[in-house]
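Structure first, then comments.
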Amino acid sequence: MPIETVELRNVSKRFPGVLANDQVNFDVHAGEIHALLGENGAGKSTLMKILYAMYRPTEGEIFINGKLAELRSPADALANGIGMIHQHFQLVPGFTVVENVALGLKSSRGPLTDLDVVTKRVQELATQYGLSVEPNALVWQLAVGQQQRVEIIKALYRDASLLILDEPTAVLTPQEVKEFFDILRRLRDAGNALIFISHKLYEVMAISDRVTVLRDGRVVGRVKTADTNQKELARMMVGRDVITRWDKPPAQQGPVVLKIEHLSAANDKGITAVRDFSLEVRAGEILGIAGVSGNGQRELAEAIAGMRRATAGTIWVDNQNVTNQSPAQVSASGVAFVPEERMTMGVVREFTVAENAILETHAYPPLANRGVFDFGQINDHCTRLVREYDVKTPSLDTPVKSLSGGNIQKLILARELDRAPRLLLAAQPTRGVDIGATEYIHKRLIEQRANGTAVLLISEDLEEVRALSDRIAVMYEGQIVGIVSPDSKMEDLGLMMAGIKGNDANPSTC
Amino acid sequence: MKNTALDTKRGRFDPGRFNYILVPLAAGAAALFVGGLVLLALGANPIEAYIGMAQGAFGSPNAIADSLVKAVPLLLVGVGICIAYRGGMINIGGEGQIVMGALATTAVVLAFPFLPGLVLIPLALVAGLVGGGFWGGIAGFLKARFKVNEVLSTVMLNAIAVQFMTFLLNGALMDPSSVDNTIRIPQTLRFPPWADLPRLVPTRLHFGVLLAIFAAVVVYFLLWRTSVGYRIRAVGFNMVASKYAGIPVNRYQILAITLSGALAGMAGAVEVLGVSHRLFTDGSATGFTGSAGFNGIVAALFGGLHPLGVIPASFLFGALLTGANSLQRTVQVPGAFVTTLDGLVVIFVVASQIWAKRRATQRVLAETTPRPATPTAVTPDVTP
């Protein structure tokens with residue numbers, strides 16, 4: 001029986017010492033897209049895992065079509081028409097689309113497979129909802145967006161009429177997001193219920209019919225999307241007004257600080273990831289590098305920072321050749337690096353806040369005298385950094401791994417910016433960071449620009465790149481597709497991110 | 001929110017807590033209990049046996065002195081294991097490093113027997129450090145340069161060192177009088193008496209005990225109070241972040257295992273200078289070392305891989321080894337029983353650390369103000 005309404009009443013979930021959900025009421029009905037909005041750790045995923053019966057609620061009840069439902073397992077939830085599309089796909093890469101759909105289902109032919117029957121149904125579903133995908137393609141050969149469609153087909157094939165989508169757009173290009181939203185609308189119009197989990201305001205505004213905002217495990221607001229705006233949602237989510245648009249003074253551009261000439265570098269598998277890449281960044285400007293993940297951005301940043309070998313080309317910082325120098329030498333040339341791999345490269349997780357704050361400066365006076373630590377100085381230094389950069393930590397002796405992502409990022413930023421760099425490499429500086437910390441990090445980046453630092457901002461968040469950059473370089477398959485103004489149209493940027501050089505993507509004043 | 005209750009009182013880094021004292025002690029008790037069952041199976045009275053062991057270890061001033069003397073190499077090796085472990089290296093090469101240290105010491109003493117003790121002893125000790133450090137450094141170099149797993153290379157270096165010692169003791173270093181009399185015992189001349197480590201009290205207790213404790217304190221200071229120690233620990237925890245921070249990762253890995261080997265080499269030096277006063281072998285792999293290279297690992301684990309924790313742990317093990325010698329006399333149980341007990345202790349200590357870690361993780365969830373677990377034990381295949 002298809003789902004008409006699903007209702008969660010007074011649902012609480014208590015983990016040892018943490019109240020992840022506190023008396024949450026939530027409902028969704030057929031023919032609507034209900035967005036569940038909240039920062040990381042607000043309890044969105046927990047709530048949905050309760051609905052999908054991966055967790056049992058500490059308190060509260062779930063009603064399906066008005067009747068109390070006892071869901072004991074995800075299989076149970078699925079049998080009741082609830083399907084969940086996880087952020088990390090649950091597909092077998094070496095299987096075809098059809099094999100993945102059939103996986104775990106009883107065949108209509110007993111011990112023999114009935115893949116032809118499955119294929120037929122998959123094609124039906126695909127046509128019905130515009131989920132175009134080749135049924136006999138191997139999953140690993142598919143693009144991420146297509147894999148996501150396979151996940152949706154899997155759920156629909158199992159007669160799910162309520163789909164829970166956990167941050168589904170995180171892996172998609174803007175173009176793919178647009179297509180994906182069309183699919184969602186079709187699913188809705190066909191009478192399915194959809195729950196869309198996200199922390200991206202503009203997406204929620206674009207796709208949902210209603211929005212429920214969670215903060216600290218509690219529902220802080222539920223509104224019709226038509227009756228609200230991004231600003232209001234952000235305020236509900238964070239609990240205060242949030243700046244998302246920065247009024248930057250015009251750039252006071254100085255001399256060229258970073259100059260990259262014909263740089264090439266390989267990724268971890270040894271395949272060329274950055275090819276013949278040239279770029280200049282001037283003092284006092286933020287140059288944003290936009291692009292879909294995996295187009296060489298990470299390798300580019302690491303090559304500049306000395307963490308990765310450049311196989312060809314030259315990197316100049318302040319007219320000094322730093323190509324293939326050690327990270328210590330690059331850093332001494334005035335380069336600060338906020339790495340993409342925050343937890344594995346940016347910090348030593350097991351070290352304390354203080355130990356991480358001195359990761360690069362620990363061996364030098366005043367922190368150490370002839371190699372022996374001066375703990376008084378270290379304490380003062382770290383206390384100042386933590387205070388100045390608003391790092392929320394119980395103490396300096398707290399292991400970094402127990403801080404939130406946003407606070408770890410602020411700590412890294414504090415450490416890097418305190419050295420007054422000439423060039424700041426910021427790679428995905430706000431990925432997985434909550435809105436409050438994101439705002440703070442943006443403020444600091446703009447402050448660096450005003451101070452005359454050259455900032456190279458690498459981000460997959462197009463909104464972020466547009467909001468902060470003075471120029472945007474779009475990167476695709478290791479090369480720059482074009483350098484455009486931040487006022488360029490979203491569609492043009494999207495096309496460039498897919499590798500298509502817009503013939504009239506106004507290259508403006510760059 | 002703005003107001004972070006920032007605690008700035010403490011002026012030092014957290015020395016990787018070894019305050020889980022009860023857990024290893026309980027593990028030790030459990031090992032003794034199971035050992036008791038083994039004794040029962042052997043037809044001996046476990047209570048009698050353990051009383052006999054306790055008397056053998058603590059029953060007289062001489063017994064206590066012997067226990068302490070036995071603990072010295074364990075402590076030195078164990079402290080070395082701590083450095084290697086903190087630097088992300090697992091050093092199973094204590095045996096070989098002891099041997100190389102002892103060889104270097106012996107070579108110095110035999111080459112310069114005319115020097116006064118005040119010069120000769122420090123020189124010989126330094127030779128021990130260098131010999132062991134060199135042997136450990138080889139494994140470090142092989143890892144840094146050719147990515148050779150240090151567990152394998154150190155074990156193989158053990159065999160080479162023992163054979164090298166046997167070769168020298170049957171040739172170049174053999175006691176000349178033994179050569180003349182064609183007895184050919186594989187041992188050196190007795191060292192000149194002024195090369196003996198000073199005795200502390202009129203027992204066999206020698207100056208090496210103080211040296212070992214001093215070494216433990218120095219290593220503690222090095223690891224948690226200096227930038228070199230900081231770098232060793234950073235490399236041990238996270239090589240990528242260390243590289244990012246500008247630390248030459250390879251160099252510090254080599255340094256960690258070199259220091260580790262140096263301390264084991266010092267153990268060898270102290271043994272020849274303080275106990276045997278000559279280098280000898282019975283031809284077996286552990287004849288000279290008494291397995292201190294392996295038992296030191298157990299002591300390090302027992303001490304929570306913390307240099308200060310290793311002090312009580314190695315004294316406990318020293319007592320265990322000394323007590324075991326008297327087992328044969330009291331209850332006619334093979335002295336090899338202590339090997340069994342050793343193994344039991346390893347199993348229980350490692351298991352208890354995994355247990356403590358898991359409990360700590362649960363408490364993290366419970367408190368949301370997490371405390372880290374005891375340092376994870378390396379779980380090398382220690383078959384002493």
Looking at B/Ser227 and A/Ala363, what are the two nearest heavy atoms and their distance?
CB-CA, 3.9 Å
If I measure from the heavy atoms of chain B, does A/Val372 come under 4.5 Å with its side chain, its backbone, both, or neither?
both
Are there more than 12 heavy atoms of other residues, nucleotides or ligands under 6.0 Å from atom CZ of A/Arg14?
no
At a heavy-atom separation under 4.5 Å, does A/Ala305 approach chain B through its side chain, its backbone, both, or neither?
neither
If you count the non-hydrogen atoms of other residues, nucleotides and ligands that lie under 6.0 Å from CZ in A/Arg218, is the total more than 12?
no
May I ask you to decide if the ring planes of B/Phe237 and A/Phe351 are parallel, tilted or perpendicular, using 30° and 60° as cut-offs?
perpendicular
Using heavy-atom distances under 4.5 Å, tell me whether B/Leu222 contacts chain A through its side chain, its backbone, both, or neither.
neither
Residues in side chain to side chain contact (heavy atoms under 4.5 Å, CB included) contact with A/Thr311, at least two apart in sequence or another chain:
A/Ser264
Examine whether an atom of A/Arg415 lies under 4.5 Å from a heavy atom of chain B, and if so say whether it belongs to the side chain, the backbone or both; otherwise answer neither.
side chain
Look up atom NE2 in A/His362 and atom OG1 in B/Thr226, then write down how far apart they are to the nearest 0.5 Å.
9.0 Å
Using non-hydrogen atoms only, which part of A/Glu416 is less than 4.5 Å away from chain B: side chain, backbone, both, or neither?
side chain
Any chance CE of B/Met239 has more than 12 other-residue heavy atoms, nucleotides or ligands included, within less than 6.0 Å?
no
Nearest atoms (heavy-atom pairs only) where B/Asn238 meets A/Val347
ND2-O, 3.3 Å
Among residues 325-342 of chain A, residues within the sub-4.5 Å heavy-atom range of chain B, in order of number, are A/Pro327, A/Ala328, A/Phe337, A/Pro339
With heavy-atom distances below 4.5 Å as the criterion, would you say the side chains of B/Arg233 and A/Glu350 are in contact?
no
Heavy-atom neighbours of A/Arg384 CZ exceed 12 at 6.0 Å:
yes
Ignoring hydrogens and angles, tell me if any N or O in the side chain of B/Tyr244 forms a donor-acceptor pair with the backbone of A/Leu359 under 3.5 Å.
no
